[in-house]
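Model, not experiment: these values are computed from the prediction.
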Amino acid sequence: MIIEIQCIPEPAGTSREPFARVHDAISVIENSGLSYEVGPCGTSVEGEPDELWRLLRQVHEATLAGGAASCVSVIKVFSQTGDDQATMGSLTDRYRSS
């Protein structure tokens, strides 16, 4: 399964670190041990469904624990059946610039 999450915390950070709460969320993903890619408008992660559903909650809650008064998280979930599972690379490698 592949997920993408975009966290929109309020406030997003402080005057010294404007995106501190977003960094809190990304830190949870970094520490998950899963394969991920940070993009300009969201972070994609691939893994098993149970670990990804759990991770989505942890990422969202990290913004609140870090000091945000509220957070909207926008998620996309890609899953498929069968043995031939797509990966982030198989879906995007042909579009990467060098």
Side-chain angles (χ1 to χ4, degrees):
M1 189 164 101
I2 301 169
I3 57 113
E4 181 178 73
I5 185 166
Q6 174 190 24
C7 292
I8 308 166
E10 181 58 42
T14 65
S15 59
R16 292 185 60 195
E17 194 174 356
F19 298 101
R21 304 299 70 83
V22 175
H23 298 308
D24 293 339
I26 294 171
S27 290
V28 171
I29 294 169
E30 289 174 326
N31 292 325
S32 73
L34 298 172
S35 179
Y36 69 95
E37 293 182 14
V38 176
C41 296
T43 301
S44 298
V45 188
E46 62 187 15
E48 294 300 316
D50 286 342
E51 59 192 350
L52 291 175
W53 288 116
R54 185 172 38 257
L55 182 66
L56 287 170
R57 180 177 182 174
Q58 292 169 345
V59 169
H60 177 85
E61 290 177 349
T63 64
L64 301 171
S70 65
C71 182
V72 172
S73 289
V74 180
I75 65 166
K76 295 178 185 179
V77 177
F78 173 78
S79 57
Q80 62 190 119
T81 60
D83 294 331
D84 191 22
Q85 297 291 307
T87 64
M88 290 186 300
S90 71
L91 296 174
T92 61
D93 282 350
R94 72 182 286 184
Y95 302 105
R96 295 190 189 279
S97 59
S98 48

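Linking ILVMFWY residues whenever their side-chain heavy atoms come closer than 4.5 Å, directly or via other members, places F19 and I29 in the same cluster. When the side chains of ILVMFWY residues are joined at heavy-atom separations under 4.5 Å, either directly or via intervening members, L52 and F78 end up in two distinct hydrophobic clusters. No continuous path of hydrophobic side-chain contacts links L91 to I5 [ILVMFWY only; heavy atoms under 4.5 Å].
We find the CE-CD1 distance between M88 and I3 to be 9.0 Å, quoted to the nearest 0.5 Å.
By the 4.5 Å heavy-atom criterion applied to side chains, L34 and L55 are counted as neighbours. Side-chain contact between L56 and V45 is absent, with no heavy-atom pair separated by less than 4.5 Å. When side chains are defined from C-beta on, I26 does not count as touching V59, because their heavy atoms never get closer than 4.5 Å.
Residue D93 places its CG atom among more than 12 non-hydrogen atoms of other residues, nucleotides or ligands, all under 6.0 Å distant. Taking a 6.0 Å sphere around CD of Q80, one finds it holds more than 12 heavy atoms contributed by other residues, nucleotides or ligands. Residue D84 places its CG atom among 12 or fewer non-hydrogen atoms of other residues, nucleotides or ligands, all under 6.0 Å distant.
In terms of the side chain to side chain contact (heavy atoms under 4.5 Å, CB included) criterion, residue partners of S79 (sequence neighbours excluded) are, by chain and number, M1. Residues passing the side-chain hydrogen bond (donor to acceptor under 3.5 Å, both in side chains) test with T87, sequence neighbours excluded: S90. Applying the side-chain hydrogen bond (donor to acceptor under 3.5 Å, both in side chains) criterion to Q58, with sequence neighbours excluded, gives no partner residue. Under the rule for a side-chain hydrogen bond (donor to acceptor under 3.5 Å, both in side chains), R94 has no partner lying at least two apart in sequence or in another chain.
Between R96 and E37, at least one side-chain nitrogen of the basic residue sits less than 4.0 Å from a carboxylate oxygen of the acidic one, meeting the salt-bridge criterion.
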Which pairs would a plain distance check flag for residues 62-77, meaning a side-chain donor or acceptor within less than 3.5 Å of a matching protein atom at least two apart in sequence or in another chain?
| residue | atom | partner | partner atom | Å |
| --- | --- | --- | --- | --- |
| T63 | OG1 | H60 | O | 2.7 |
| S73 | OG | H60 | ND1 | 2.7 |

Pairs of donor and acceptor atoms involving the side chains of residues 6-18, under 3.5 Å and at least two apart or interchain, shall be tabulated with distances.
| residue | atom | partner | partner atom | Å |
| --- | --- | --- | --- | --- |
| T14 | OG1 | R16 | N | 3.4 |
| T14 | OG1 | E17 | N | 3.0 |

